[in-house]
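Here the structure is a predicted model, which means the values were calculated and not measured.
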Amino acid sequence: MNYSISKIIPYVRRYVLLGIYDVLDGERVPYQKKEDTVMAKAEVYGNLSTFSISAEEQEMGTELKVTMLQSCVGLSEQGKERAMTAVMDRIVQYLENELLMNNRAAIIMPQEDKYG
């Protein structure tokens with residue numbers, strides 16, 4: 001069974017994707033790009049698991065979604081959720097540091113009505 005968590009963050013999709021790649025590269029995590037997702041085999045809290053990480057643009061931001069495809073043997077339900085949360089937090093913190101603290105314009109502004 002796959003487990004997922006997601007969060008809407010206020011950045012454009014391309015910056016979220018770059019953030020995903022930068023975090024994985026920085027931690028030397030092997031990954032593969034597959035259509036709209038990134039497949040990564042990462043060690044979190046000493047446990048090696050396989051994750052799918054995706055970014056989908058929404059009306060008010062980008063949905064960052066982390067799915068655990070395969071956990072290490074014996075990892076509890078709480079451990080699975082903590083591992084996914086840790087992966088997501090690393091990406092969100094990286095984006096905050098790179099974009100907000102460095103005053104880069106990557107925050108999504110509310111879109112105007114297309115019909116008005």
Exercise. Roughly how far apart are N97 CG and D22 CG, rounded to 0.5 Å?
Worked result: 12.0 Å
For this session: Could you tell me the separation between the NZ atom of K33 and the CG atom of L17, rounded to the nearest 0.5 Å?
Result: 9.0 Å
For this session: Determine whether the side chains of Y3 and E77 contain a donor N or O and an acceptor N or O closer than 3.5 Å.
Result: yes
Problem set entry | Interatomic distance, S52 atom OG to M84 atom CE [nearest 0.5 angstrom] | 11.5 Å
Seminar exercise, completed: Residues K41 and V29: closest non-hydrogen pair is O-CG1, 3.4 Å
For this session: With rounding to the nearest 0.5 Å, note down the distance linking CG in L24 to OH in Y94.
Result: 11.0 Å
For this session: Say whether, by atom type as modelled, one donor and one acceptor occur between the side chain of R13 and the main chain of A55 under 3.5 angstrom.
Result: yes
Exercise. Should M60 and Q58 count as side-chain neighbours, where that means a heavy-atom distance under 4.5 Å?
Worked result: no
Seminar exercise, completed: Residues I53 and I20: closest non-hydrogen pair is CG2-CD1, 3.6 Å
Can you give the donor-acceptor pairs under 3.5 Å from side chains of residues 64-71 to other protein atoms, not counting sequence neighbours?
residue	atom	partner	partner atom	Å
T67	OG1	S4	OG	2.7

Problem set entry | Nearest-0.5 Å distance that lies between atom CZ in R82 and atom OG1 in T85 | 9.5 Å
Seminar exercise, completed: When rounded to the nearest 0.5 Å, the distance separating CD of E57 from CZ of R14 is 9.5 Å
Exercise. Do the side chain of T37 and the main chain of S54 share a donor and acceptor less than 3.5 angstrom apart?
Worked result: no
Problem set entry | From CA spacing to verdict: side-chain contact (heavy atoms from CB on, under 4.5 Å), V44, R90 | CA-CA 11 Å; V44 181; R90 289 175 188 166; 4.2 Å; yes
For this session: Scan for ring-ring contact (aromatic ring centres under 6.0 Å, His included) pairs involving residues 22-75, sequence neighbours excluded, and state none if there are none.
Result: Y21-Y31
For this session: Mind listing the closest non-hydrogen atom pair of G46 and E43 along with its distance?
Result: CA-OE2, 3.5 Å
